[in-house]
Amino acid sequence: LDGLRGVLPIQEVVDKGLTLGLTHDQIREAVNQNLETGVLNMLPYETPCDEHGVHVNIRGKKFYTHRPEDDQGISLQLLSGKDHEGYEAGWIRAFLRPGDTCLDVGAHIGVCTALMSECVGPTGLVYAFEPEPKNWAILERNKHFRRMDNVLIFQSAVWNHYGYAKLHLNPRNTGDH
């Protein structure tokens, strides 16, 4: 584990750890860095982790997110306790009212979707769109886990034309496509 300590880019830490035959848990334990410099912070899982992701506490509620070795972007911020969408959350709270209908375009794993669901309440409706299959699966899981019955999820992108387009993915950040 000592070979993984120091300032390394996130992907290099994961790649080196896997090359050394370490498990993902051992890699997480070995990493002790700073998110602001683009490297992984020490992120022990405080809640269960399974093949579908990691439980994390977001604004006082349990939520699923990606494993940090699968997403060095938003999931790392959430696991470290940072509210990466604080501005958006403020806007959502200020403008959405019970009974409203709203859209979450690029819903990712549903952080804003969940807040929208709370704000519009049982008489409102949230349409959540997420084209990326792994994000969509976690979004679906969060919908059921959080009992967001007023949310309709679509595994598709939104554009001003009907048709098909290639989805370009960032291998290090599941929210960047």
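Computed from a predicted model, the values in this text were never measured in an experiment.
Cluster annotation: Leu96 is connected to Met148 through the hydrophobic network of ILVMFWY side chains, with a link wherever side-chain heavy atoms come within less than 4.5 Å. Clustering ILVMFWY residues whenever any of their side-chain heavy atoms sit less than 4.5 angstrom apart, transitively, puts Leu125 in the very cluster that holds Phe154. Leu103 and Val126 end up in different hydrophobic clusters when Ile, Leu, Val, Met, Phe, Trp and Tyr side chains are linked at under 4.5 Å. Phe145 and Ile153 fall into different hydrophobic clusters, where Ile, Leu, Val, Met, Phe, Trp and Tyr residues are linked whenever their side-chain heavy atoms come under 4.5 Å apart, directly or through other members. Connection of Val105 to Met116 is not established within any shared hydrophobic cluster, with ILVMFWY side chains joined at heavy-atom distances below 4.5 Å, either directly or through further cluster members.
Annotation for Ala157 and Pro131: closest pair N-CB, 3.7 Å, computed over non-hydrogen atoms. What you find for Pro133 and Gln155 is that their closest heavy atoms are CA-NE2, 3.5 Å. Considering all non-hydrogen atoms of both residues, His108 and Glu130 come closest at N-OE1, 2.7 Å. The minimum heavy-atom distance between Ile92 and Cys119, with the atom names listed, is CG2-SG, 4.0 Å. Smallest separation of non-hydrogen atoms from Ala114 and Phe63: CB-CE1, 3.7 Å. Nearest heavy atoms, Pro98 versus Thr123: C-OG1, 4.1 Å.
Taking NE2 of His66 as the reference point, atom CD1 of Ile138 lies at 4.0 Å (rounded to 0.5 Å). Taking CG of Leu139 as the start and OH of Tyr64 as the end, the distance is 14.0 Å to the nearest 0.5 Å.
Checking Arg147, Arg146, Glu140, Arg141 one by one against His144, the side chain to side chain donor-acceptor pair (under 3.5 Å) holds for a single residue, Glu140. With Tyr127 as the partner, the side-chain contact (heavy atoms from CB on, under 4.5 Å) test is satisfied by one option alone out of Val151, Thr101, Asp104: Thr101.
Side-chain contact between Phe95 and Asp100: absent, with no pair of heavy atoms (C-beta onward) separated by less than 4.5 Å.
Between the side chain of Asn150 and the backbone N or O of Ser117 there is at least one donor-acceptor pair closer than 3.5 Å.
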